Enquirer: 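Let me begin by handing over the structure; questions about it come next.
Since this is a predicted model, take the numbers as computed values, not measurements.
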Amino acid sequence: MAEKRRFWTRVALAVGVVLTLAAPAHADNPIVQHIYTADPAPLVHNGRVYLYTGHDEDGSTWFTMKEWRVWSSADMVNWTDHGSPMNLSTFSWAKQDAWAGQAIERNGKFYWYVPVVTKATGRPAIGVGVSDSPTGPFRDALGRPLVENGEIDPTVMIDDNGQAYLYWGNPNLSYVRLNTDMISYSGGITRIPLTTAGFGTRTGDPNRPTLYEEGPWVYKRNGLYYNVFAAKCCSEFIAYSTSPGPTGPWTYRGTVMPTQGSSFTNHAGIIDFKGSSYFFYHNGALQGGGGFTRSVAVEKFSYNADGTIPTINMTTAGPPAADTLNPYVRQEAETIAWGSGIETEAASEGGMNVGFINNGDHIKVKNVAFGGGATTFSARVASTVAGSSVEVRTGGPNGALAGRCTVPNTGGWQNWTTVSCAVSGLTGTQDLYLRFSGGSGYLLNMNWWQFGGAR
Ligand code: FUB
């Protein structure tokens, strides 16, 4: 984290105003701006989307990944940072490479299947973390790999009859039938025949005649089974196949997302949520981004009438809001549509807080339903300096000022107090900007905020 502090301080000093002006004010993609994220795996549970990702280290020159991260949203535009509830040390037998996984819920427990390289063999194997909550913490369910054949990228699906399947692989594609405990399987590992009819034709690589590369995402929709995967290498694009059953035969259906976005890998995750369909992927869109410093993004799409998937292109706008955000209940400061300059960390009061805030940094929260009008703003804050403020604005980070809360020196970055101030002009549904102002250095931390007034 200290490294991140120094990094952002250097960036702020080096590019200052230019960076502020260059920031894409209305973009919502990528989903997370304060760290690099990769390999999205969305899960819908109780009216929220939980998004499981990897974490590319800053300045990475390889897939140097040590932990997984969880994010969630009720509206597809504001995402809450739940930190890292699972990392390499969760699996005592794992050596490196916290790569692409997927989580699923069964009987109130959450199972997160991930590939890691093992200490014993130096080859990838699939482990499974388990938790009572979608946001963790996760523990190693087995104390050993679930399956090991030297391949990566698990995807998991529970069929309507209750039979669960785990698929994974690069360069092959295999599956097992999981038992209802989700941490054991019956029968052996079955390899899916990679035929050109099933997975398209690759030219120029006699060892890999089909387009299938890695990162399968298998699911069932309206009786049809889909396998959406990273195709060809490198650079990858996203393609898909369909099947009348979970084990094939698969038929190649074409491109979902063409090669785009300055990352030579891509990775798909697809869900239906609040009546719409969403396609998650990754690219190198953030500043400093590239093939090893990736960022997860999302697009809304509609299936064609025959169930085929249209071509989906990367955008910086992202999807429209699927819901409004209620400002009259406590909202976590780390629920963010776009964060400029901020970082997050574990808070002493639980969850995460926003921190490492400099003068001029801001947080955008989209589609906030102020209704009849807010009259007060309260924020849970901590600081070691006096004279900092949280400015409540609309229209942009430097837009109309609705109010300003002064933050005192609380005596520590985790010594929390609640400050309140009057606000005006906040009616209807609009985007909220919390802009931070003060002197030089770090100004304050924020754990949560809430408005008072007429709904
Ligand atoms: O993120 C590491 C690896 O890169 C993943 O396991 C692959 O799917 C590719 O995205």
Side-chain angles (χ1 to χ4, degrees), residues 1-16 18-20 22-24 27-41 51-71 79-90 94-101 114 116-117 235 261-267 280-297 314 316 333-334 336-347 352-358 360-363 413 436 441-443 445:
M1 190 54 77
E3 189 188 326
K4 281 285 280 182
R5 275 187 211 214
R6 282 196 296 275
F7 170 77
W8 278 112
T9 304
R10 279 200 304 273
V11 169
L13 288 173
V15 292
V18 176
L19 178 64
T20 307
D28 293 315
N29 272 331
I31 284 172
V32 177
Q33 303 83 39
H34 55 278
I35 63 167
Y36 296 113
T37 53
D39 302 324
L51 177 62
Y52 300 80
T53 73
H55 175 194
D56 282 344
E57 299 285 314
D58 289 356
S60 214
T61 53
W62 177 242
F63 300 110
T64 311
M65 304 169 79
K66 301 174 184 163
E67 63 175 18
W68 297 271
R69 305 279 298 212
V70 182
W71 319 83
W79 289 90
T80 305
D81 184 341
H82 297 286
S84 174
M86 195 167 85
N87 58 44
L88 286 176
S89 64
T90 304
K95 183 174 149 198
Q96 64 189 55
D97 295 353
W99 286 8
V114 288
V116 283
V117 166
S235 297
S262 62
S263 160
F264 64 88
T265 66
N266 199 350
H267 194 104
F280 291 77
Y281 59 96
H282 69 221
N283 61 22
L286 267 192
Q287 188 170 27
F292 303 117
T293 43
R294 300 162 291 179
S295 291
V296 167
M314 300 180 182
T316 54
E334 64 275 15
I336 296 170
W338 192 271
S340 177
I342 60 92
E343 295 181 47
T344 62
E345 62 184 348
M352 305 288 282
N353 64 260
V354 171
F356 309 104
I357 294 170
N358 291 105
D361 291 349
H362 75 268
I363 291 170
W413 292 113
F436 307 101
Y442 295 120
L443 303 183
N445 288 349

Enquirer: For the pair Asp81 and Arg69, find out whether any cationic side-chain nitrogen is under 4.0 Å from an anionic carboxylate oxygen.
Expert: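 A salt bridge links Asp81 with Arg69.
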Enquirer: With no hydrogens and no angle check, is any side-chain donor or acceptor of Glu67 less than 3.5 Å from a backbone partner on Ser84?
Expert: no
Enquirer: Take the angle between the ring planes of Phe264 and Phe292 and call it parallel below 30°, perpendicular above 60°, tilted in between.
Expert: perpendicular
Enquirer: Under 4.5 Å between any side-chain heavy atoms of Asp97 and Val116, yes or no?
Expert: no
Enquirer: Might you point out which heavy atoms bring His282 and Pro40 nearest each other, and give the distance in Å?
Expert: ND1-CD, 4.2 Å
Enquirer: Just how far is it from atom NE2 of His362 to atom CD1 of Ile342, taken to the nearest 0.5 Å?
Expert: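 Taking NE2 in His362 and CD1 in Ile342, the distance rounds to 9.5 Å.
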Enquirer: Please name the pair of heavy atoms, one in Gly291 and one in Phe63, separated by the smallest distance, quoted to 0.1 Å.
Expert: O-CE2, 3.7 Å
Enquirer: Are any of the side-chain heavy atoms of Leu51 and Ile31 separated by less than 4.5 Å?
Expert: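 Answer yes - side chains close enough.
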Enquirer: Between Ser89 and Asn87, which heavy-atom pair has the shortest distance, and what is it?
Expert: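 Taking Ser89 first and Asn87 second, the nearest heavy atoms are OG-OD1, 2.6 Å.
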Enquirer: Grab the two heavy atoms, one from Gly441 and one from Asn358, that are nearest each other, plus how far apart they are.
Expert: O-ND2, 3.2 Å
Enquirer: Regarding Thr37 and Arg294, is there a side-chain donor-to-acceptor distance under 3.5 Å anywhere?
Expert: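 Thr37 vs Arg294: no donor-acceptor pair found between side chains.
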Enquirer: Begin with the C-alpha distance, continue with both residues' side-chain angles, and end with the deciding distance and a verdict on side chain to side chain contact (heavy atoms under 4.5 Å, CB included) for Phe356 and His34.
Expert: CA-CA 11 Å; Phe356 309 104; His34 55 278; over 6 Å; no
Enquirer: Determine the minimum heavy-atom distance between Pro30 and Ser295, stating which atoms define it.
Expert: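 Residues Pro30 and Ser295, closest heavy atoms: CB-CB, 3.4 Å.
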Enquirer: Are the aromatic ring centres of Trp71 and His55 under 6.0 angstrom apart?
Expert: no
Enquirer: If you round to the nearest 0.5 Å, how far is CG of Asn445 from CE of Met352?
Expert: 11.5 Å
Enquirer: Between Ile336 and Val354, is the side chain to side chain contact (heavy atoms under 4.5 Å, CB included) condition met? List the steps.
Expert: CA-CA 10 Å; Ile336 296 170; Val354 171; 4.3 Å; yes
Enquirer: Can you list the steps and then say if Glu334 with Asn353 is a side-chain hydrogen bond (donor to acceptor under 3.5 Å, both in side chains)?
Expert: CA-CA 6 Å; Glu334 64 275 15; Asn353 64 260; over 6 Å; no
Enquirer: Applying side chain to side chain contact (heavy atoms under 4.5 Å, CB included), run through Glu343 and Ile357 and close with a yes or a no.
Expert: CA-CA 7 Å; Glu343 295 181 47; Ile357 294 170; over 6 Å; no
Enquirer: Under 6.0 Å between the ring centres of Phe436 and Tyr442?
Expert: no
Enquirer: So which heavy atom on Gly261 is nearest to which on Asn283, and how close?
Expert: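 That would be O-CB, 3.3 Å.
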Enquirer: Output all residues satisfying side chain to side chain contact (heavy atoms under 4.5 Å, CB included) with Ala98, sequence neighbours left out; order by chain, then residue number.
Expert: Met65, Trp68, Leu88
Enquirer: Begin with the C-alpha distance, continue with both residues' side-chain angles, and end with the deciding distance and a verdict on side chain to side chain contact (heavy atoms under 4.5 Å, CB included) for Tyr281 and His267.
Expert: CA-CA 5 Å; Tyr281 59 96; His267 194 104; over 6 Å; no
